[in-house]
Amino acid sequence: MWAGLHHHAMAGAMTRYNPAAIEPKWQAYWNDHDTFKTPEGAERPKAYILDMFPYPSGSGLHVGHPEGYTATDIMARYRRARGYDVLHPMGWDAFGLPAEQHAILTGTHPRDTTVQNIETFKRQLKMLGFSYDWSREIDTTSPDYVRWTQWIFLELFKRGLAYQNEVPVNWCPALGTVLANEEVINGLSERGGHPVERVPLRQWVLKITAYADRLLADLDDVEWPNSTRIMQQEWIGRSEGAEVHFQVVGHDASIEVYTTRPDTLFGATFMVLAPEHPLVDAITSDRQRADVTAYVEQAKSKSERDRQASKDKTGVFTGGLAINPVNGAEVPVYIADYVLWGYGTGAIMAVPAHDERDFEFATAHGIPIIEVVSKTGAASGAPLAEAMVEQGIAVNSGKYDGLSTAEFKARITKDLEEAGKGRARVEYKLRDWIFSRQRYWGEPIPIYFPVDTDGDPRVGAEFSIHYDEPMAVDASELPLRLPELDDYKPGKDPAGVLARAADWRFFRKDGRWYARETNTMPQWAGSCWYYLRFIDPRNESEICSRELAERWLPVDLYVGGAEHAVLHLLYARFWHKVLFDAGVVPTNEPFKKLVHQGMILGEGGQKMSKSRGNVVNPDDIVDAFGADSMRVYEMFMGPLEATKPWSTSSIAGVRRFLDRVHTVTARAEASARSDAALTRLLHQTIRKVTDDIEGMRFNTAISAMMVLSNELMKLEQVPTEALEVLAKLLHPFAPHLGEELWGMLGHSPSIQHQAWPEYDPALCEEDEVEVPVQINGKVRARITLPKDATQDQALKAAKSADVVAAQLADKPLRKVIWVPNKILNLIL
RNA sequence: GCCGGGGUGGCGGAAUGGCAGACGCAGGCGACUUAAAAUCGCCCGUGGUAACACGUGCGGGUUCGAAUCCCGCCCCCGGCACCA
């Protein structure tokens with residue numbers, strides 16, 4: 001069969017480049033020959049090259065998807081050619097809200113929608129010729145996969161890292177659902193404008209805070225974009241400070257505060273509790289009670305977002321006083337919503353002179369401001385115009401006066417600790433991860449609870465569930481599957497949709513009734529560990545064999561959008577560390593090198609969106625130009641990480657380039673030899689393309705191949721050996737054309753099995769260089785010199801140029817700057 | 001406000017201390033053609049006939065030499081947003 005192809009190609013210098021014909025042909029070849037199957041065994045070096053897998057939405061692939069996928073595909077094909085065993089898989093992050101919304105509206109089972117969408121996505125990805133090992137395809141909604149997601153949950157549960165807590169959520173009774181913060185506007189639901197309440201609801205929470213230090217420290221070990229590492233650092237938000245106890249006047253209670261500036265303790269002129277603080281009720285005086293109650297109520301009715309939207313420093317005095325432990329001063333205690341209940345101790349000592357927020361509050365409420373830190377070491381005496389938040393020298397601080405901020409902090413923390421009035425403390429902004437959703441289309445949480453009932457709760461008997469006695473479903477019973485429902489609409493019960501599936505929810509064991517957890521997992525769950533399952537996707541007895549995990553981890557290259565810089569990448573790292581502690585994985589971190597592809601904008605430079613009508617559909621592009629043109633164009637647009645606008649006329653230019661490569665390859669002459677200039681260009685091109693692929697600078701790699709093909713076009717006789725090099729360099733970018741060219745040059749497939757071309761650095765060197773001659777920094781002439789000429793040779797050549805000679809005749813030469821092969825600068 | 005990234009021809013971009021504008025798009029001229037398309041060749045930062053001058057967001061600095069390094073400012077994009 002392939003002999004026939006050669007014959008056809010050789011006969012057909014007239015045969016035109018026809019992607020519509022060759023692309024399906026080579027896709028079928030790869031498919032039939034398992035060209036991209038991940039090799040077994042471990043003799044060769046490995047490369048695990050991974051894309052962030054997509055949510056298979058109903059609208060199919062958009063042009064943003066293939067950008068990252070093409071980049072990883074080039075890396076995968078390049079590494080194979082370089083002798084690596086490559087793992088390059090693809091799968092589906094298929095749980096998610098859109099399929100559930102569609103089910104609510106149409107009654108279609110989310111699984112049916114999902115299966116259909118996956119089919120579309122897969123067809124489109126295959127159309128683009130990506131070299132995935134499809135035998136490892138994963139779907140996070142398949143029972144095989146859900147089983148192990150649930151297994152990890154149980155592992156978290158057994159380790160005390162999954163617990164239940166009453167967490168205030170945005171519950172909308174009219175919609176019968178819990179809303180995310182961004183779905184609530186001014187206390188009303190974004191859709192429908194129904195009232196939303198902050199109600200405490202039992203939730204499953206994962207103790208990610210237990211891993212905060214490791215998640216922070218190990219960021220040093222990964223090759224990630226700096227911006228992403230910084231975002232994660234800030235999200236974790238570690239700070240070192242002190243906890244200080246303030247005795248409440250007239251009560252047997254003390255207020256604990258957290259501060260990063262214990263050195264400003266002498267400047268604490270009031271305290272603030274978060275409105276939710278449990279001491280509020282006790283310390284509020286009768287006189288202030290009405291005001292305090294009203295303020296607390298008001299804070300409760302606002303969403304977290306609305307509370308944070310206003311920067312005004314509102315608050316009320318509780319009537320209570322507390323004693324400053326360092327100087328015995330009595331300070332008033334306020335409540336204000338600028339103090340957050342979820343951070344630190346939910347209470348602060350307020351130092352208006354040295355904290356902007358406290359300064360604003362003090363100014364608004366007429367509270368004294370005492371300066372305790374100064375740049376010079378002397379108090380300014382005058383009232384401060386604004387808070388001085390920098391470090392400095394202590395003043396007005398008794399025996400501590402004159403200490404630097406750092407010394408003061410260390411001393412007072414020690415003194416407080418000795419006096420039993422405080423201690424050093426580390427705080428994090430990171431909070432535990434609310435892991436339950438009141439949804440249908442997610443992994444059921446494999447937990448059940450004992451039930452008290454006097455009948456059969458499946459048919460309406462009264463029951464009460466002992467949520468405080470959660471029990472793990474036995475691993476042998478996994479996967480715990482979702483029940484079939486007739487109706488996916490959220491109901492009145494905040495326990496979620498699954499609560500209505502009574503036959504599924506309640507079961508009897510050893511004469512006792514039990515109820516299953518009716519919350520499901522969030523979409524993050526499946527994407528937290530899919531990279532692990534790709535390593536051993538059909539293993540029925542383990543999540544992943546230890547041997548294969550050792551072979552393939554960590555992921556060497558992970559490419560995906562920057563929108564996942566924090567949540568997905570932090571959650572996945574957390575689970576990975578838990579699995580490391582459980583002995584499942586051998587590495588600290590899952591993803592060694594991370595790259596974010598930039599966004600592709602519409603033709604007008606605006607974000608692509610249906611409403612703007614500027615969405616480009618990959619099917620149309622492949623129809624018009626072919627998959628290889630689309631791939632090469634997306635890589636040629638600019639740096640991978642950059643945001644850049646789509647341009648259909650530019651893709652036509654890329655298509656012309658591929659056309660020319662096809663045409664010039666058809667002119668191959670086996671007997672022709674490369675002359676010195678062509679040999680040099682060939683070696684330079686190999687070097688440039690190789691280096692650029694290693695650095696993922698695909699745009700400049702393509703440019704170098706364009707230069708080579710332009711030169712080849714000019715030749716009378718085009719040497720086969722040069723065309724072979726071009727085909728090998730081009731094939732990771734334009735794989736179908738690469739195979740076709742390889743056949744045209746008389747070889748049998750696949751070009752993927754050919755070794756990557758090597759260059760000889762000596763042959764890359766030019767033997768002559770053109771050097772600009774500057775006079776006082778301005779270019780006045782150019783001279784041609786042998787490579788590595790000396791300053792004397794350069795000067796001599798420069799003086800023979802008319803312009804230079806004329807200038808030198810007028811003025812004396814004061815200084816010569818000679819950078820070999822680069823520049824000659826004469827200072828007169 | 002804070003953090004991160006960026007600002008270069010008509011457009012996408014290249015050059016990270018040494019000839020600014022590689023490569024491509026768009027545009028112009030020419031060849032081929034009865035003609036058009038396609039293809040091929042040449043031109044293409046601005047001003048100027050030219051010599052030359054000017055030119056990488058703006059203002060300053062360092063340097064023989066700056067798109068590139070430093071200081072100050074403006075604008076655009078992304079993220080975070082009272083975290084004590």
Side chain of A:R660 (C-beta onward), nearest among B:rG24, B:rA38, B:rA84: B:rG24
Pair A:Y343 and A:Y428, ring centroids less than 6.0 Å apart: no
Do you know the tightest heavy-atom contact between A:F733 and A:A701? CZ-CB, 3.9 Å
Can you tell me, in whole Å, how much space there is between the P of B:rC44 and that of B:rA51? 14 Å
Taking any heavy-atom pair under 4.0 Å as a contact, classify A:N710: base, sugar-phosphate, or nothing. sugar-phosphate
What does B:rG27 pair with, Watson-Crick or G-U, if both distances are under 3.5 Å? B:rC43
Side-chain N,O (A:N825) to OP1/OP2 (B:rU63) below 4.0 Å: no
So, is the end of the A:R573 side chain (NZ or CZ) under 6.0 Å from the ring centre of A:W235 and within 45° of the ring's axis? no
Taking B:rU68 as the reference, what is the distance to B:rU8 when you measure between their C1' atoms (whole Å, please)? 12 Å
Would you indicate what A:G653 reaches in the nucleic acid, counting non-hydrogen atoms under 4.0 angstrom: base, sugar-phosphate, or nothing? sugar-phosphate
Heavy atoms under 4.0 Å, any strand shown: does A:V339 hit a base, just sugar-phosphate, or nothing? base
Heavy-atom check, side chain of A:W646 versus side chain of A:E634, under 4.5 Å: yes
Could you please name the partner base of B:rA14, counting Watson-Crick and G-U wobble pairs only when both distances are under 3.5 Å? none
With a 4.5 Å cut-off on side-chain heavy atoms, are A:W341 and A:P278 touching? yes
Applying a 4.0 Å non-hydrogen cut-off, can you work out what A:S227 is touching in the nucleic acid: base, sugar-phosphate, or nothing? sugar-phosphate
Among B:rC64, B:rC82, B:rC23, the one nearest A:I827 by side-chain distance: B:rC64
For A:R780, report the nucleic acid contact type (base, sugar-phosphate, nothing); a contact means any heavy atom under 4.0 Å. sugar-phosphate
Syn if the chi torsion is within 90° of 0, anti otherwise; quick check, which is B:rG9? syn
Starting at CG of A:D358 and ending at C1' of B:rA84, how long is that distance when rounded to a whole Å? 7 Å
Separation of the P atoms in B:rC77 and B:rG30, to the nearest angstrom: 44 Å
Is it true that, when you exclude A:K787 itself, more than 12 heavy atoms of the residues, nucleotides or ligands shown sit nearer than 6.0 Å to its NZ? yes
How far does the C1' atom of B:rA14 sit from the matching atom of B:rG21, given to the nearest Å? 7 Å
When both hydrogen-bonding distances must be under 3.5 Å and the geometry is Watson-Crick or G-U wobble, what is B:rG78 paired with, if anything? B:rC3
With rounding to the closest Å, how many angstrom separate the P atoms on B:rA81 and B:rC3? 16 Å
Which is true for A:V819 with a 4.0 Å heavy-atom rule: it touches a base, it touches only sugar-phosphate, or it touches nothing? base
A:E240, CD atom: more than 12 neighbouring heavy atoms under 6.0 Å: no
Any side-chain N or O of A:R656 below 4.0 angstrom from OP1/OP2 of B:rA26? yes
Can you tell me how far C1' in B:rC40 sits from the matching atom in B:rC32, rounded to whole Å? 8 Å
Base, sugar-phosphate alone, or nothing: which one does A:K429 contact when heavy atoms must sit under 4.0 Å apart? base
With a 4.0 Å cut-off on heavy atoms, is A:S239 in touch with a base, just the backbone sugar-phosphate, or nothing at all? sugar-phosphate
Set out, line by line, the N/O atom pairs under 3.5 Å between protein and nucleotides 11-14 of chain B.
unit_1 : atom_1 : unit_2 : atom_2 : d
B:rG12 : O2'    : A:M637 : O      : 2.6
B:rA14 : OP1    : A:N699 : ND2    : 2.8

A:E770 near the nucleic acid: base, sugar-phosphate alone, or nothing, with a heavy-atom cut-off under 4.0 Å? base
Using atom C1' of each nucleotide, how far apart are B:rU39 and B:rA35 to the nearest Å? 16 Å
Which part of the nucleic acid, if any, lies within reach of A:Q774 when heavy atoms closer than 4.0 Å are counted: base, sugar-phosphate only, or nothing? base
Distance test, side-chain N/O of A:K778 to OP1/OP2 of B:rC54, below 4.0 Å: yes
For atom C1', what is the distance between B:rA38 and B:rA20, given to the nearest Å? 35 Å
In Watson-Crick or G-U wobble terms, with both distances under 3.5 Å, the base opposite B:rC73 is B:rG57
Candidates B:rA84, B:rC23, B:rG78 - which lies nearest the side chain of A:K607: B:rG78
Should the pair A:Y334 and A:F317 be assigned to parallel (<30°), tilted (30 to 60°) or perpendicular (>60°) ring geometry? tilted
Quick one: label A:S649 by what it contacts on the DNA or RNA (base, sugar-phosphate, nothing), any heavy atom closer than 4.0 Å. sugar-phosphate
Within the 4.0 Å heavy-atom criterion, would you say A:I817 contacts the bases, only the backbone, or no part of the nucleic acid? base
A:K313 charged N/C atom sitting above A:Y338 aromatic ring, 6.0 Å / 45°: yes
Relative to each other, are the rings of A:F361 and A:H365 parallel, tilted or perpendicular (30° and 60° limits)? parallel
